[in-house]
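For the numbers below, each heavy atom of this structure counts, side chains included, while hydrogens, waters and symmetry mates do not.
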Amino acid sequence: MLATLILCVFLTAQLTYLVVDSVILDRPRGWITERRAFYVLSCPWCLSAWVAAALVAFNGLPVLSWGAVWWGGVAAYFVGQWLATKPYS
């Protein structure tokens, strides 16, 4: 169960990055947010909560593990963003 929980944390971070910041989904994300239909697609904090809830439900994890997956996913997302902007030395 711990391995599944850890995988869900990193999957939450990666799926959040894919939808919010990835170049691959620029055009659909722009089209949807342009109509102000889904603000959640441009907010990593908001989207990661829904991604974590879906992953916890899909994997059959206990409901209380949602908080750990969400917070871990948010932390992994922002650490990844920070590391991506750091210059190589």
Side-chain angles (χ1 to χ4, degrees):
M1 183 170 125
L2 183 62
T4 305
L5 192 69
I6 292 170
L7 286 174
C8 283
V9 164
F10 289 112
L11 189 56
T12 298
Q14 289 303 312
L15 288 174
T16 301
Y17 170 76
L18 178 68
V19 174
V20 173
D21 288 328
S22 177
V23 175
I24 296 171
L25 295 177
D26 269 347
R27 187 172 291 184
R29 182 178 51 248
W31 184 80
I32 291 171
T33 56
E34 181 179 284
R35 286 149 181 78
R36 303 202 191 280
F38 293 102
Y39 171 73
V40 72
L41 294 180
S42 62
C43 173
W45 185 264
C46 307
L47 182 67
S48 63
W50 291 104
V51 170
L55 288 173
V56 166
F58 179 75
N59 288 308
L61 294 170
V63 174
L64 292 178
S65 64
W66 169 78
V69 171
W70 180 35
W71 281 100
V74 167
Y77 172 82
F78 285 113
V79 166
Q81 293 297 309
W82 176 71
L83 288 174
T85 59
K86 259 184 101 163
Y88 292 111
S89 55

Notebook entry, point to check: Which atoms form the tightest heavy-atom contact between Gly73 and Ala13, and what is the distance?
Noted result: O-CB, 3.5 Å
Check: Just by modelled atom types, is the Leu55 backbone N or O under 3.5 Å from a matching donor or acceptor in the Asn59 side chain?
Finding: yes
Note to self: With clusters defined by side-chain heavy atoms of hydrophobic residues (ILVMFWY) lying less than 4.5 Å apart, directly or transitively, does Leu25 cluster with Ile32?
What the structure shows: yes
Next item on the list: Establish whether Val51 and Phe58 are linked, either directly or via other cluster members, by ILVMFWY side-chain heavy-atom contacts under 4.5 Å.
Entry: no
Notebook entry, point to check: Under 6.0 Å from the CZ atom of Phe10, do we count more than 12 heavy atoms belonging to anything else shown?
Noted result: no
Check: Under a 4.5 Å cut-off applied to non-hydrogen side-chain atoms, are Phe78 and Pro44 in contact?
Finding: yes
Check: Could you go step by step and tell me if Val56 and Cys8 meet the side chain to side chain contact (heavy atoms under 4.5 Å, CB included) rule?
Finding: CA-CA 8 Å; Val56 166; Cys8 283; 5.8 Å; no
Notebook entry, point to check: When the ring centroid of Trp66 is compared with that of Trp71, is the distance short of 6.0 Å?
Noted result: no
Next item on the list: Starting at CG of Leu18, measure out to CG of Leu11 and round the result to the nearest 0.5 Å.
Entry: 10.0 Å
Note to self: Please tell me whether Val79 and Leu5 are part of a single hydrophobic cluster in this structure, the criterion being side-chain heavy atoms less than 4.5 Å apart.
What the structure shows: no
Next item on the list: Start with the C-alpha distance between Trp45 and Trp70, add both sets of side-chain angles, then the distance that settles side chain to side chain contact (heavy atoms under 4.5 Å, CB included), and finish with yes or no.
Entry: CA-CA 9 Å; Trp45 185 264; Trp70 180 35; 3.8 Å; yes
Item checked: With Tyr77, the side chain to side chain contact (heavy atoms under 4.5 Å, CB included) member among Thr12, Leu47, Thr16 -> Thr16
Item checked: Crowding at CG, Leu83 (>12 non-hydrogen neighbours, <6.0 Å) -> yes
Notebook entry, point to check: Run the side chain to side chain contact (heavy atoms under 4.5 Å, CB included) check on Val20 and Arg29 step by step: do they pass?
Noted result: CA-CA 8 Å; Val20 173; Arg29 182 178 51 248; 5.5 Å; no
Check: Do Leu64 and Met1 share a hydrophobic cluster (ILVMFWY, side-chain heavy atoms under 4.5 Å, transitive)?
Finding: no
Checklist line | Nearest-0.5 Å distance that lies between atom CG in Leu15 and atom OG in Ser22 | finding: 11.0 Å
